[in-house]
Amino acid sequence: MTVAPRFQHRNGTLHAEDVSLTDLAKEHGTPLYVYSRAALHDAWEGYARALQGRKSLVCFGMKANSNLAVLSEFSRLGAGFDIVSGGELARVLAAGGDPGKVVFSGVGKQAWEMQAALDAGVKCFNVESEPELERLSEVASTRGRRARISLRVNPDVDARTHPYISTGLKENKFGIPIEAAPEVYRRATRLPGIEIVGVDCHIGSQITEESPYLDALDKLILLITNLKAEGIELQHLDLGGGIGIRYTDETLIEPVTLFNQVFERLKNAGLGHLELVLEPGRSLVGNAGVLLTEVQYLKHSDAKNFAIVDAAMNDLLRPTLYDAWHGVEPVVPRPVTSATLSYDVVGPICESGDWLAKDRRLELHPGDVLAIMSAGAYAFTMSSQYNSRPRPAEIMVDGTRSHVVRQRETIESLFDLETVLPQT
Ligand code: LLP
């Protein structure tokens with residue numbers, strides 16, 4: 001398996017680092033999320049090496065995985081965070097993250113979220129519209145403050161990824177059209193509660209080619225140069241996140257190749273002094289996690305064979321939402337023979353869309369434990385309790401040790417916050 005080097009079979013059993021996934025499934029039950037600390041470090045190192053000696057800040061796009069253990073680990077490694085809500089800010093603070101390294105993105109920031117972020121002292125607000133700019137100025141100036149901002153511009157480039165996760169096209173709701181940006185910057189210079197510090201864009205997610213980044217960069221360079229000529233000086237350029245990971249056989253962007261070109265182009269444009277901010281999410285955590293699930297039943301019909309497992313779309317929404325492909329690895333694989341069938345791996349939820357994988361040739365028996373691969377990003381964070389299913393526990397493996405970093409939800413907790421109506 002080349003997808004996730006920290007998850008390897010040893011003596012016939014899939015391990016996370018030095019810990020057997022059979023043992024973890026026995027000890028904690030299934031479904032179960034298992035992360036590898038070393039895999040987080042590996043992914044971080046990929047960025048650290050590519051950015052070494054450059055003025056840069058990596059802000060983990062924490063919507064991909066916001067477990068406090070993951071956040072605190074990245075924080076210790078020097079990361080900042082890209083947040084999109086007051087809730088995410090609170091998580092950063094709870095994990096001991098540095099608010100001075102936080103960028104606040106999102107199209108719908110509310111006044112209370114702006115206030116909380118100002119109080120915490122975030123590095124920058126990535127402002128996505130003129131009304132947001134005005135509200136932010138008002139919130140900041142009534143507290144005698146100035147909010148540091150970037151405008152998130154929409155460069156109208158095609159990231160050539162799934163339409164639901166492409167964000168840099170004209171028709172997307174994100175950012176300010178790049179042609180309109182100079183006027184909004186001018187407006188920003190006149191607002192009392194605003195201090196302009198940068199420019200930002202994020203063109204999409206699971207991007208596997210360099211050219212959309214470079215096309216966006218060229219457009220941003222032109223904008224920055226024009227602003228400079230008007231006396232509007234920026235300190236940083238935020239290129240967002242989006243670098244893809246290998247779910248199956250995708251070709252990947254090498255951070256070092258991409259960023260060398262980015263720095264080269266900035267230098268050639270006389271903008272070598274700018275700090276480069278990045279907001280990677282998936283590429284820092286995606287292949288650092290798996291979802292363990294136990295086969296409950298094998299069911300055969302004329303048209304299909306189903307492996308009904310105990311994880312479902314509420315635990316991992318990506319297959320049904322994006323038609324996404326996740327690898328499926330039996331934790332203790334059985335030999336595949338000519339009689340081995342192809343299965344759709346499906347959950348117990350009452351929806352036809354409740355599937356995790358389709359047409360996988362696997363030798364399976366009820367009771368087998370499967371690892372759904374690449375479940376470190378947009379997996380737990382997109383989970384729900386649909387069908388009143390408590391969310392799984394999350395485990396962080398570190399060498400030979402493992403830590404419960406989120407307990408399994410209890411059945412009672414599902415309706416903890418609810419009340420029945422009075423009798424009268
Ligand atoms: N910055 C901003 C402003 C974003 O909107 C996102 C992701 C990121 C950074 C991080 O992007 P990444 O490096 O993870 O690609 N749920 C989808 C992905 C949605 C991405 C949303 N924005 C999925 O499971 O594929």
Side-chain angles (χ1 to χ4, degrees), residues 40 43-44 46-47 50 57-66 70 74 79-85 88 102-109 122-129 132 150-155 159-169 172-176 198-209 212-213 216 237-248 250 252-253 255 258-259 276-289 291 313 315-326 356 372-384:
L40 299 179
W44 176 261
Y47 279 91
L57 177 66
V58 176
C59 294
F60 171 49
M62 63 180 279
K63 61 174 78 66
N65 188 324
S66 55
V70 172
F74 283 133
F81 297 93
D82 167 46
I83 65 167
V84 289
S85 70
E88 286 194 344
V102 165
V103 296
F104 191 174
S105 305
V107 291
K109 298 177 196 80
V122 299
K123 176 181 172 69
C124 184
F125 290 82
N126 291 337
V127 172
E128 303 222 14
S129 66
E132 181 193 331
S150 282
L151 292 186
R152 174 172 177 182
V153 300
N154 185 333
R160 289 194 281 276
T161 179
H162 190 286
Y164 283 15
I165 53 178
S166 190
T167 47
L169 282 170
N172 296 127
K173 70 178 175 184
F174 300 101
I176 294 165
V199 65
D200 164 51
C201 80
H202 170 79
I203 55 176
S205 199
Q206 186 55 18
I207 300 171
T208 54
E209 294 170 54
Y213 281 104
L237 161 70
D238 182 340
L239 274 185
I243 291 186
I245 62 165
R246 191 166 283 148
Y247 286 96
T248 165
E250 294 88 343
L252 295 183
I253 293 176
L258 174 62
F259 298 128
L276 179 68
V277 177
L278 299 168
E279 303 170 357
R282 186 191 320 263
S283 51
L284 285 176
V285 288
N287 275 327
L291 172 62
M313 64 188 281
D315 305 305
L316 183 66
L317 190 58
R318 303 193 68 258
T320 190
L321 191 57
Y322 312 117
D323 218 2
W325 197 98
H326 283 256
L356 300 173
I372 313 293
M373 306 304 291
S374 312
Y378 303 111
F380 188 90
T381 50
M382 292 176 76
S383 67
S384 76

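Side chains included, hydrogens not; waters and symmetry mates left out as well; all remaining heavy atoms used. Note that this is a predicted model, so its numbers are computed, not measured. Note that ligands are numbered from 1 as they come in the structure, with each ligand's atoms numbered from 1 the same way.
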Run through V103, V102, V58 and flag the one making a side chain to side chain contact (heavy atoms under 4.5 Å, CB included) with F81. V102

Can you name the atoms of ligand 1, numbered from 1 with element, that are less than 4.0 Å from a heavy atom of R152? 3 (C)

According to the interplanar angle, ranging from 0 to 90°, do the rings of H326 and Y247 count as parallel (below 30°), tilted (30 to 60°) or perpendicular (above 60°)? perpendicular

Please report whether ligand 1 has a polar contact with G281, defined as an N or O pair separated by less than 3.5 Å (distance criterion only). yes

Pairing residues for D200 by the salt bridge (charged side-chain N to carboxylate O under 4.0 Å, His left out) criterion, not counting sequence neighbours: none

Test side chain to side chain contact (heavy atoms under 4.5 Å, CB included), reference S283, set I245, L278, I207, output is I245

Option set R318, E279, K63, criterion heavy-atom distance to atom 4 (C) of ligand 1, minimum: K63

When you measure from the side chain of R152 to the backbone N and O of H202, does any donor-acceptor pair fall under 3.5 Å? yes

Heavy atoms only: give me the nearest E279-S105 pair and the separation to one decimal. OE2-OG, 3.8 Å

Proximity flag P280 to ligand 1, non-hydrogen atoms under 4.0 Å: yes

At a non-hydrogen distance cut-off of under 4.0 Å, which region of F174 contacts ligand 1 (side chain, backbone, both, or neither)? neither

Any N or O on R282 sitting closer than 3.5 Å to an N or O of ligand 1? yes

Assess S283 for proximity to ligand 1: is some non-hydrogen atom of it under 4.0 Å away? no

Atom indices of ligand 1, in the order listed, that fall short of 4.0 Å to a heavy atom of G241: 9 (C), 13 (O)

Judged by non-hydrogen atoms, does S205 sit under 4.0 Å from ligand 1? yes

Give the numbers and elements of all ligand 1 atoms closer than 4.0 Å to a heavy atom of G242. 11 (O), 12 (P), 13 (O), 15 (O)

Among all residues two or more places apart in sequence or in another chain, which pass the side-chain contact (heavy atoms from CB on, under 4.5 Å) test with A43? L284

